[in-house]
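Residues: numbered from 1 along the sequence shown.
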Amino acid sequence: MRTTRRNTLRRGGVGALLAAVTLLTSAGAAVADDPSPSASADGGAAGPTEAGTTFRTATAIQQGQKATAEASTGDYLYWAFPADAGQRPTVRAKVSLPESATRHGASTWQIDVYDGLRRRQACMYGHQTRKAAPDAGTVELSCVLRTVRAWSEPWASDPLPGSYYVRLTVVGLAEEDLGLPVHVETQADSADQGGAADVDGALAEPMVPGASAVSAKGGSAPAGTEPEDGWSSGWWTSRWLWTVGGGVLAALAGVFGYGLTRTPLPRQRRPPCTAPCADVRRCERTPVRSARRTSPCS
């Protein structure tokens with residue numbers, strides 16, 4: 001009876017462990033494979049058709065929108081997009097150059113990204129600076145930033161939630177080519193990094209120019225300065241799922257381990273019936289407690 005019960009307990013523990021591992025693994029895979037809501041398919045949604053020329057006049061775009069602009073070679077072009085905690089932004093730009101017959105040499109283009117404090121953010125990888133040959137028709141640039149963190153030390157230059165400025169300009173060009181018309185396409189996307197990028201802490205306000213003044217007056221933020229679904233609260237992360245799942249697995253492992261390692265209680269042996277007894281079956285049915293007190297045959 002006890003052997004059957006122990007086997008049942010072991011089977012139940014193994015089944016519970018397997019179920020918990022399967023649930024936790026599927027939840028983690030769903031979080032990891034879930035595409036970012038700001039990511040867009042190739043091409044992107046239609047966006048603004050102009051670009052700013054300074055930080056203050058930067059054209060606001062949303063992630064996934066493709067912004068276009070007609071400009072002159074040598075202009076500084078600015079766009080601004082919001083990025084939230086846990087996202088890794090990727091900025092791409094494509095410059096359609098004028099006819100090669102009208103140009104006098106090669107040109108070098110560069111894309112830079114700045115955060116809400118106008119601190120230049122380094123690119124993890126990508127083609128931030130590219131040189132276009134004299135006969136090239138287009139030049140494409142890209143910049144993949146570090147993952148945006150919810151909070152960091154004041155002395156650090158980590159990317160933080162808020163607005164990010166994209167600046168595109170030519171850094172190497174023949175003087176005769178200044179002012180030639182160019183067509184520019186810019187798009188910013190991001191990938192959600194999940195709980196691996198979560199930190200303990202959050203900013204009081206995202207790094208959006210004028211956000212503190214707007215919140216103090218009780219007004220709403222200008223269009224394009226915050227994500228379409230709003231800024232994240234900062235308290236919920238996918239780490240909660242792993243913490244709860246780990247606690248459940250630890251509890252089940254403890255119960256299962258106890259069932260495997262506990263020592264079974266010794267079985268009490270029934271004392272023999274020493275007195276002569278006419279009814280042997282009655283002696284065998286007598287409880288141990290009564291057998292110790294008196295002889296069942298008396």
Side-chain angles (χ1 to χ4, degrees), residues 35-98 109-116 118 120-121 123-124 126-130 132 137-148 159-170 180-192 206-211 214 220-232:
S36 171
S38 59
S40 64
D42 294 341
T49 57
E50 60 181 2
T53 55
T54 63
F55 282 102
R56 292 182 177 273
T57 61
T59 301
I61 60 175
Q62 288 291 338
Q63 293 189 26
Q65 286 184 332
K66 177 183 288 186
T68 59
E70 302 292 338
S72 298
T73 305
D75 291 343
Y76 284 87
L77 307 179
Y78 289 83
W79 296 268
F81 68 93
D84 207 351
Q87 295 180 343
R88 179 180 292 176
T90 300
V91 180
R92 297 181 177 86
K94 179 179 179 182
V95 182
S96 299
L97 303 174
W109 295 79
Q110 180 172 309
I111 187 172
D112 298 300
V113 183
Y114 299 82
D115 62 9
R118 299 184 185 179
R120 185 176 179 272
Q121 294 295 322
C123 300
M124 293 181 57
H127 302 283
Q128 185 178 6
T129 303
R130 264 192 168 180
T138 61
V139 57
E140 297 184 3
L141 304 100
S142 63
C143 176
V144 180
L145 300 178
R146 294 173 294 169
T147 303
V148 179
L160 296 172
S163 297
Y164 283 80
Y165 297 93
V166 181
R167 185 179 72 179
L168 176 66
T169 188
V170 61
L180 292 178
V182 292
H183 177 76
V184 181
E185 299 178 359
T186 306
Q187 183 173 341
D189 296 316
S190 67
D192 193 354
M207 294 196 308
V208 177
V214 171
S220 58
T225 58
E226 65 179 22
E228 294 180 351
D229 53 354
W231 300 104
S232 61

Taking the six-membered ring for Trp, are the ring centroids of Tyr164 and Tyr114 within less than 6.0 Å of each other?
-> no
Hey, would you say the Phe81 and Tyr165 ring centroids sit under 6.0 Å apart?
-> no
Take Arg92 and Asp189 through the salt bridge (Lys or Arg N to Asp or Glu O under 4.0 Å) test and state the conclusion after the steps.
-> CA-CA 8 Å; Arg92 297 181 177 86; Asp189 296 316; 3.7 Å; yes
Spatial distance of atom [atom1] ([X]) from atom [atom2] ([Y]) [nearest 0.5 Å]:
X      : Y      : atom1 : atom2 : result
Leu168 : Trp79  : CG    : CH2   : 5.5 Å
Gln87  : Leu145 : CD    : CG    : 11.5 Å
Ile111 : Thr169 : CD1   : OG1   : 11.5 Å
Gln65  : Thr186 : CD    : OG1   : 12.0 Å

Look at the side chain of [X] and the backbone N and O of [Y], then say whether any donor-acceptor pair between them is shorter than 3.5 Å.
X      : Y      : result
Ser96  : Val182 : no
Ser72  : Asp75  : no
Thr59  : Gly52  : yes
Ser163 : Gly116 : no

Where is the tightest heavy-atom contact between [X] and [Y], given as atom of each residue plus distance?
X      : Y      : answer
Pro206 : Gly162 : CB-CA, 4.2 Å
Thr54  : Thr57  : OG1-OG1, 2.9 Å
Gln121 : Pro159 : OE1-CG, 3.4 Å
Ala83  : Pro89  : CB-CG, 3.9 Å

Report yes if some heavy atom in the side chain of [X] is under 4.5 Å from a heavy atom in the side chain of [Y]; otherwise report no.
X      : Y      : value
Arg88  : Ser190 : no
Pro82  : Gln62  : yes
Asp84  : Val148 : no
Leu141 : Trp109 : yes

Run the numbers on Asp112 and Gln128 for side chain to side chain donor-acceptor pair (under 3.5 Å), then give the verdict.
-> CA-CA 7 Å; Asp112 298 300; Gln128 185 178 6; 3.0 Å; yes
Please determine which of Lys66, His183, Glu140, Gln187 meets the side chain to side chain contact (heavy atoms under 4.5 Å, CB included) test together with Lys94.
-> Glu140
Start with the C-alpha gap between Leu77 and Arg167, add the side-chain angles, then the distance that decides, and say whether side-chain contact (heavy atoms from CB on, under 4.5 Å) holds.
-> CA-CA 6 Å; Leu77 307 179; Arg167 185 179 72 179; over 6 Å; no
